[in-house]
Amino acid sequence: MALDRHNDLLERLEEADRRLLGHKLEDVTLEAGSVIYQPGNTIDYCYFPMGAALCSFFVEMDEGIAVETILVGREGALGGVVSHGNLPAFARANVLHGGLFRRMALRDLEEIKRGNPAVAHLLSRYADCMMAQVFQSIACNAVHTIEQRAAKWLVAAVDRMGRPSVTMTQEQLASMMGVGRSYASRVLQRFKRDGLLRTRRGAIEVINREGLSERACSCNDHVNGHFKRVLGGLYEA
């Protein structure tokens with residue numbers, strides 16, 4: 001399968017189970033900045049990002065800022081993963097890097113889950129992985145430095161996208177991390193000085209992924225390890 005049409009979560013299913021979903025999936029293209037859900041919106045569709053498509057969940061605070069909680073790319077899905085019925089969204093889901101998504105109406109997904117244990121099992125396991133990301137994000141924001149968190153986020157983004165350039169301004173990065181622009185700017189300047197990345201209008205390009213990873217906390221490693229353990233044995237007895 002071409003990378004731009006690849007979703008790791010769907011690929012974990014055996015061919016017969018993947019075909020079952022495929023009959024109900026439709027392709028949609030979403031641009032950067034598109035809002036998939038707003039808080040309180042009824043969730044009607046489950047979205048599977050393909051290839052380099054990348055999204056984030058944001059929690060909107062009373063102070064007027066929106067803080068990112070977790071990233072979702074080709075490793076996962078957004079919306080109605082384990083819930084039953086059309087429930088309201090709690091967080092805002094935004095497209096960070098546009099591209100192809102495959103989506104399915106929740107009524108169809110629920111019908112398939114009822115009749116196919118492998119699909120239901122996969123999405124339940126993925127929900128556990130999403131919760132692990134949330135737990136790790138809370139701990140990371142409480143303990144790690146802005147530099148560690150910025151490096152962690154950029155490494156996670158380029159790994160999910162499969163390309164080194166992230167379409168994002170310094171202001172957007174600062175807002176997502178819940179810090180002032182000046183803090184984010186100083187961190188990015190240090191990374192640039194040390195040859196880890198370069199910036200251009202509206203984009204940040206990682207040029208030394210390994211070096212940047214060394215400046216990050218270990219949170220990505222913990223989350224990735226949990227994904228491998230939980231999703232790796234989908235069809236085991």
Side-chain angles (χ1 to χ4, degrees), residues 3 6-9 11-12 48-59 66-78 81 91 93-97 99 122 125-168 170 172-179 183-184 186-188 190-192 194-199 203-234:
L3 182 60
H6 182 90
N7 176 277
D8 293 340
L9 193 61
E11 288 299 307
R12 290 186 181 274
F48 296 88
M50 311 297 286
L54 187 65
C55 301
S56 274
F57 283 107
F58 292 88
V59 173
V67 180
E68 187 207 47
T69 54
I70 61 170
L71 281 171
V72 180
R74 58 187 167 87
E75 85 291 343
L78 302 89
V81 173
N94 262 86
V95 178
L96 297 183
H97 191 275
L122 171 70
R125 285 180 175 228
Y126 175 64
D128 179 89
C129 292
M130 289 189 74
M131 186 60 69
Q133 285 182 269
V134 173
F135 287 158
Q136 195 71 43
S137 176
I138 293 170
C140 181
N141 291 344
V143 174
H144 295 143
T145 66
I146 295 172
E147 178 173 305
Q148 288 175 309
R149 290 165 53 202
K152 175 203 73 172
W153 191 92
L154 290 167
V155 169
V158 299
D159 284 352
R160 281 170 167 80
M161 294 168 59
R163 59 182 66 180
S165 183
V166 182
T167 304
M168 166 173 289
Q170 295 183 29
Q172 288 173 317
L173 179 62
S175 176
M176 289 173 58
M177 296 176 61
V179 302
Y183 290 105
R186 286 198 293 271
V187 167
L188 291 178
R190 285 198 294 272
F191 290 163
K192 288 172 66 176
D194 296 338
L196 303 177
L197 56 78
R198 53 176 167 248
T199 59
I204 301 170
E205 182 180 2
V206 175
I207 56 178
N208 184 348
R209 189 258 180 217
E210 295 307 316
L212 190 62
S213 182
E214 290 174 2
R215 303 284 276 274
C217 53
S218 60
C219 291
N220 284 339
D221 295 333
H222 293 305
V223 170
N224 291 341
H226 191 72
F227 263 75
K228 290 177 182 178
R229 289 190 297 274
V230 172
L231 291 176
L234 175 63

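Residues Lys152 and Cys219 approach most closely at CD-CB, 3.7 Å, considering heavy atoms. Looking at every heavy atom in both residues, Val230 comes nearest to Asp128 through CG2-OD2, 3.8 Å. When all heavy atoms of Val158 and Pro164 are compared, the pair lying nearest together is CG1-O, 3.5 Å. For the pair Met130 and Ala77, the tightest heavy-atom approach, listed with the atom from each and the gap, is SD-O, 4.2 Å. Across all their heavy atoms, Leu54 and Met161 have their closest contact at CD2-SD, 3.8 Å.
Here the side chains of Arg163 and His97 are in contact, with some heavy-atom distance below 4.5 Å. Residues Gln148 and Arg215 have side chains not in contact (no heavy-atom distance under 4.5 Å, counting atoms from C-beta outward). Using a 4.5 Å heavy-atom cutoff, the side chains of Phe48 and Arg74 are not in contact. Side-chain contact between Val59 and Val67 is absent, with no heavy-atom pair separated by less than 4.5 Å. Counting heavy atoms from C-beta outward, Glu75 and Phe227 have side chains that approach closer than 4.5 Å. Here the side chains of Asn7 and Pro49 are in contact, with some heavy-atom distance below 4.5 Å. Residues Leu154 and Leu188 meet the side-chain proximity criterion, which asks for heavy atoms closer than 4.5 Å. Using a 4.5 Å heavy-atom cutoff, the side chains of Leu122 and Leu231 are in contact.
Proximity of a side-chain donor or acceptor of Ser137 to a complementary backbone N or O of Ile70 within less than 3.5 Å is not detected. Looking only at distances, no side-chain donor or acceptor of Glu147 sits under 3.5 Å from a matching main-chain atom of Thr145. When atom types are taken as modelled, the side chain of Tyr126 and the backbone of Leu9 share no donor-acceptor pair closer than 3.5 angstrom. A donor-acceptor pair under 3.5 Å is absent between the side-chain atoms of Thr199 and the main chain of Ile204, judged by distance alone.
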Let me see the working for Glu210 and Asn208 under side chain to side chain contact (heavy atoms under 4.5 Å, CB included), right down to the final yes or no. CA-CA 6 Å; Glu210 295 307 316; Asn208 184 348; 4.1 Å; yes
Side chain to side chain contact (heavy atoms under 4.5 Å, CB included) between Cys55 and Asn94, intermediate numbers included: CA-CA 5 Å; Cys55 301; Asn94 262 86; over 6 Å; no
Pair Leu196, Arg190 - check side chain to side chain contact (heavy atoms under 4.5 Å, CB included), show working. CA-CA 9 Å; Leu196 303 177; Arg190 285 198 294 272; over 6 Å; no
Could you go through Met177 and Tyr183, starting from their C-alpha distance and side-chain angles, then the distance that decides it, and tell me whether this counts as side chain to side chain contact (heavy atoms under 4.5 Å, CB included)? CA-CA 10 Å; Met177 296 176 61; Tyr183 290 105; over 6 Å; no
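For the atom pair OG1 of Thr69 and CZ of Phe58, the computed distance is 8.0 Å after rounding to the nearest 0.5 Å. Here the straight-line distance linking atom CD of Gln170 with atom CZ of Arg186 works out to 12.0 Å at 0.5 Å rounding. For the atom pair NE2 (His226) and SG (Cys129), the distance works out to 5.0 Å, reported to the nearest 0.5 Å.
In summary, of the residues considered (Ile207, Val187, Leu197), a side chain to side chain contact (heavy atoms under 4.5 Å, CB included) with Lys192 occurs for Leu197 alone. Checked against Ser56 for a side chain to side chain contact (heavy atoms under 4.5 Å, CB included), the options Leu78, Leu71, Val72 give a single hit: Leu71.
A side-chain N or O of His6 and one of Asp8 form a donor-acceptor pair less than 3.5 Å apart.
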